[in-house]
Amino acid sequence: MLRRPTRPAPRSGPMTVVTRFAPSPTGSLHIGGARTALFNLLYARHAGGRFLLRIEDTDRERSTAAAVQAIFDGLNWLGVTPDAEPVFQHTRAERHREVVMQLLARGRAYRDYMTVEELEAERERARAEGRAIRSVWRDRTAEPGDNRPHVIRFKGPLQGETVVQDLVKGPVVFRNIELDDLVLLRSDGAPTYNLAVVVDDHDMGVTHVIRGDDHLNNAARQSLIYQALDWPVPAFAHIPLIHGPDGAKLSKRHGAQAVSEFADMGYLPEAMRNYLARLGWGHGDDELFTDEQAIAWFDVADVVKAPARLDWAKLNFVNQQYIRAADDDRLAGMALKVHRDRGVLITRSGEARLRAAVPIVKEGAQTILQLGDLTLFTLKERPVGVDEKTAQLLTEETRARLDRLRIRLAEAADWTPPALEAELRAFAESEGVGLGKIGPALRGCLSGGAPAPDLAGTLTALGRDESLGRLADALSPVG
RNA sequence: GGGCCCUUCGUCUAUCGGUUAGGACACCAGAUUUUCAUUCUGGGAAGAGCGGUUCGACUCCGCUAGGGCCUGCCA
């Protein structure tokens with residue numbers, strides 16, 4: 001037995017891999033769904049195949065246009081975009097019905113006239129007896145002309161077993177008697193999910209069905225439908241769900257579950273891709289890697305079987321690494337947006353100062369929201385004022401000292417971090433004190449109490465005029 | 001109730017019958033230090049339990065426990 005099959009049952013001819021992400025548009029794009037989409041994308045790319053998107057909106061009642069848009073937006077933001085136009089399942093209802101008729105003609109489906117009450121009673125009996133439900137209509141044909149409402153059910157085999165060769169779980173065996181005859185067509189003529197997936201996956205040429213763990217049981221019944229139609233059964237890979245930090249199903253109380261929320265919290269899409277790829281999958285000791293590496297290394301067969309928990313601390317760490325590597329202009333643009341959303345006044349000069357500060361402060365930011373916090377000091381307009389802590393530090397002695405520093409800095413030849421660093425040290429030495437006597441107060445005067453980088457960095461980001469101006473404001477008797 | 005899946009440090013993972021069970025995040029201690037942060041060094045931390053197979057099990061099998069999924073004319 002192959003413990004870890006890396007490819008599906010052999011078929012004739014060369015096969016290009018086709019994967020697909022098939023969400024139902026009943027809400028926002030969930031983080032778990034996003035990862036499923038990512039895995040599908042990575043696997044397709046890895047195999048040189050194609051990645052498709054299908055919106056599973058057979059249930060028109062519960063599907064909304066807003067949810068469809070949320071899925072598009074989420075995938076787009078994450079950078080997980082399909083290789084072809086998305087397929088809307090509801091548009092294929094005719095084809096689905098056509099296949100059901102084929103099944104009927106082949107004797108692999110039957111019309112079931114059970115009323116909801118009868119069904120309910122049968123369900124209770126079946127549960128009590130510990131078996132799958134069975135319709136009396138399975139072996140009975142209605143009188144010709146019987147126009148009562150009815151559903152069409154799949155006629156599953158009563159003997160034997162069906163084995164799902166799952167790429168991540170290994171072979172999973174189901175006894176056919178345990179599998180109930182699922183509804184193919186509802187009484188209103190609408191196709192159901194289990195039928196629609198099979199037909200659409202087949203028609204779209206999907207070779208690898210990579211989806212959530214919760215579909216593992218369906219895989220057996222779907223396999224039966226493929227077989228009844230004489231269609232090749234695709235390879236299945238059921239990946240575990242993502243849980244919250246406490247191991248319970250991910251929910252609102254864990255902070256977020258929609259990818260749009262992660263975007264709003266200041267996570268970079270490339271960081272999310274990296275983190276998500278590492279959740280439930282690993283490649284040796286590699287933690288940080290490029291999309292190209294992920295594609296080169298990824299294989300569904302290596303996906304971990306157990307559910308993983310979302311770890312905010314690690315996500316933050318990964319995001320921080322990507323922020324450090326990110327382009328400064330891009331980061332500045334994002335930081336500016338954060339400030340705009342927070343209602344912070346942004347002047348032309350303030351924006352310039354912020355842009356100058358980004359490369360200096362970005363290493364300490366774990367999220368773009370934090371990058372906002374760290375750049376706030378640049379946007380303050382004079383006089384910026386001083387916080388209480390700084391005010392206490394501004395004794396007569398310190399004020400006088402800072403004023404001497406101000407004069408000295410005004411004449412500094414070189415306004416760059418290393419030069420300013422040296423200047424500050426030299427000044428402290430000439431004053432006969434340690435930098436600790438000057439630094440905190442100077443920082444307070446320059447930043448107005450907001451977080452700021454090291455002094456040389458702060459001075460550089462602010463620029464000479466602004467720095468000296470802020471210092472003068474703070475030292476002036478009225479200020 | 002029935003069927004199915006899962007179980008290595010707190011978390012994410014490596015290991016594929018023979019390792020001092022490795023790495024990362026987090027945590028703790030120390031160093032550096034002009035706040036926070038960064039950086040550097042060091043540290044503690046794991047195979048759910050019980051049986052079996054084997055010369056040898058984290059790795060294979062079984063049972064138990066715990067967690068999860070499905071059991072819809074939802075997807």
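No hydrogens, no waters, no symmetry mates; every other heavy atom, side chains included, goes into these values. Each chain gets a letter, A, B and so on, in the order the sequences are listed, and its residues count up from 1.
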Q: Compare the minimum distances between each of B/C25, B/C5, B/A37 and the side chain of A/Lys314, then state the nucleotide with the smallest one.
A: B/C25
Q) When only distance counts, do a donor and an acceptor, one from the side chain of A/Ser187 and one from the base of B/C73, lie under 3.5 Å apart? A) yes
Q) Are A/Tyr193 and A/Asn218 close enough that a side-chain donor and a side-chain acceptor fall under 3.5 Å? A) no
Q.
Between A/Asp213 and A/Lys169, does any NZ, NE, NH1 or NH2 come within less than 4.0 Å of an OD or OE carboxylate oxygen?
A. yes
Q. Closest to the A/Pro440 side chain: B/U38, B/U7, B/U34?
A. B/U34
Q) In whole Å, what separates the C1' atom of B/C16 from that of B/U8? A) 14 Å
Q. What does A/Gly212 touch in the nucleic acid at a heavy-atom separation under 4.0 angstrom: a base, only the sugar-phosphate, or nothing?
A. nothing
Q: Using a heavy-atom cut-off of under 4.0 Å over every strand shown, decide if A/Val173 touches base, sugar-phosphate, or nothing.
A: sugar-phosphate
Q: Quick one: label A/Asp214 by what it contacts on the DNA or RNA (base, sugar-phosphate, nothing), any heavy atom closer than 4.0 Å.
A: sugar-phosphate
Q. For atom P, what is the distance between B/G18 and B/C58, given to the nearest Å?
A. 10 Å
Q: With P as the reference atom in both, quote the distance from B/G1 to B/G62 in angstrom, rounded to an integer.
A: 22 Å
Q. Looking at the side chain of A/Asn217, which of B/U34, B/C4, B/C73 is the nearest nucleotide?
A. B/C4
Q. Hey, do the aromatic rings of A/Tyr110 and A/Trp137 have their centres closer than 6.0 Å?
A. no
Q.
Taking the minimum atom-to-atom distance to the side chain of A/Arg278, which one of B/U7, B/A75, B/G23 wins?
A. B/G23
(Q) Using the P atom as the point on both nucleotides, what is the distance between B/G23 and B/G44, in whole Å? (A) 12 Å
Q: May I ask you to say what A/Glu56 touches in the nucleic acid, namely base, sugar-phosphate or nothing, with a heavy-atom cut-off under 4.0 Å?
A: sugar-phosphate
Q. Counting only side-chain N and O atoms of A/Arg127, is one of them less than 4.0 Å from OP1 or OP2 of B/C70?
A. no
Q | Any-strand Watson-Crick or G-U partner of B/G66, both distances under 3.5 Å | A | B/C6
Q.
Please give the distance between the P atoms of B/A57 and B/C50 as a whole number of Å.
A. 14 Å
**Q.** Complement of B/U39, any strand, by Watson-Crick or G-U distances under 3.5 angstrom
**A.** B/A31
Q) What's the CH2-C1' distance between A/Trp137 and B/C73, to the nearest Å? A) 17 Å
Q) With sugar-phosphate meaning primed atoms plus P, OP1 and OP2, does A/Glu124 contact a base, only sugar-phosphate, or nothing at under 4.0 Å between heavy atoms? A) nothing
Q) Considering only B/A75, B/C25, B/U11, which nucleotide approaches the side chain of A/Arg309 most closely? A) B/U11
(Q) Considering every strand and a 4.0 Å limit on heavy-atom distances, what is the contact class for A/Ala452: base, sugar-phosphate, or nothing? (A) base
Q) Reckon A/Leu279 touches a base, only the sugar-phosphate, or nothing at all at heavy-atom distances under 4.0 Å? A) sugar-phosphate
Q) Is a side-chain donor-acceptor pair under 3.5 Å present for A/Asn176 with A/Gln159? A) no
Q) Can you tell me how far P in B/G22 sits from the matching atom in B/C9, rounded to whole Å? A) 14 Å
(Q) Counting the atoms with a prime plus P, OP1 and OP2 as sugar-phosphate, which does A/Arg211 contact under 4.0 Å by heavy atoms, base, sugar-phosphate, or nothing? (A) nothing
Q: Describe the nucleic acid contact of A/Val116 in one word from base, sugar-phosphate, nothing, applying a heavy-atom distance below 4.0 Å.
A: nothing
(Q) Please classify the nucleic acid contact of A/Asn218 as base, sugar-phosphate, or nothing, using heavy-atom distances under 4.0 Å. (A) base
Q) More than 12 non-hydrogen atoms from neighbouring residues, nucleotides or ligands closer than 6.0 Å to CZ on A/Arg175, yes or no? A) no
**Q.** Residue whose closest nucleotide on RNA chain B lies nearer the 5' end, A/Ala126 versus A/Tyr275
**A.** A/Ala126
Q) Looking at the rings of A/His283 and A/Phe289, which for Trp means the six-membered one, are their centres under 6.0 Å apart? A) no
**Q.** Closest listed nucleotide, where the reference is the side chain of A/Lys305 and the choices are B/U13, B/A75, B/C6
**A.** B/C6
Q) Can you check the A/Leu119 CG to B/C73 P distance for me, whole Å? A) 6 Å
Q: Tell me what A/Leu435 touches on the nucleic acid: a base, only sugar-phosphate, or nothing, going by heavy atoms under 4.0 Å.
A: base
Q) What interatomic distance, in whole Å, is found between P of B/A45 and the corresponding atom of B/G72? A) 49 Å
Q: Among the candidates B/C4, B/A75, B/G68, find the nucleotide nearest to the side-chain atoms of A/Val172.
A: B/C4
Q.
Please give the distance between the P atoms of B/U71 and B/A14 as a whole number of Å.
A. 30 Å
Q | Between B/A24 (C1') and A/Gln321 (CD): distance, integer Å | A | 11 Å
Q. Closer to the 5' end of RNA chain B via nearest nucleotide, is it A/His150 or A/Ala128?
A. A/Ala128
Q. Across all strands, who's sitting opposite B/C60 as a Watson-Crick or G-U wobble pair, both distances under 3.5 Å?
A. B/G52
Q | Watson-Crick or G-U wobble mate for B/C73, both contacts under 3.5 Å | A | none
Q: Give the nucleotide from the list B/G3, B/U71, B/A24 with an atom nearest to the side chain of A/Phe174.
A: B/G3
Q) With a non-hydrogen cut-off below 4.0 angstrom, is A/Val151 in contact with a base, only sugar-phosphate, or nothing? A) base
Q.
Going by purine N1 to pyrimidine N3 plus the second Watson-Crick contact, or the G-U wobble pair, all under 3.5 Å, which nucleotide sits opposite B/C16?
A. none
Q. Can a donor-acceptor pair be found between the side chains of A/Gln89 and A/Asp200 at a distance below 3.5 Å?
A. yes
Q: Write down the atom of A/His46, the atom of A/Trp297, and the distance for their closest heavy-atom approach.
A: ND1-N, 4.4 Å
Q: Give A/Arg131 one of three labels, base, sugar-phosphate or nothing, depending on what nucleic acid heavy atoms sit under 4.0 Å from its own.
A: nothing
Q. Is the count of non-hydrogen atoms from other residues, nucleotides or ligands lying under 6.0 Å from A/Glu429 atom CD greater than 12?
A. no
Q: Name the nucleic acid region contacted by A/Arg175, choosing base, sugar-phosphate or nothing; use a 4.0 angstrom heavy-atom cut-off, strictly under.
A: nothing
Q. Of the nucleotides B/U35, B/C6, B/C4, which has the atom closest to the A/Arg443 side chain?
A. B/U35
**Q.** Selection from B/A24, B/A75, B/G3 that lies nearest to any side-chain heavy atom of A/Glu178
**A.** B/G3
Q) Do any side-chain nitrogens or oxygens of A/Arg123 fall under 4.0 Å of OP1 or OP2 in B/C73? A) yes
Q | side-chain N/O A/Thr58 vs B/A75 OP1/OP2, d < 4.0 Å | A | yes
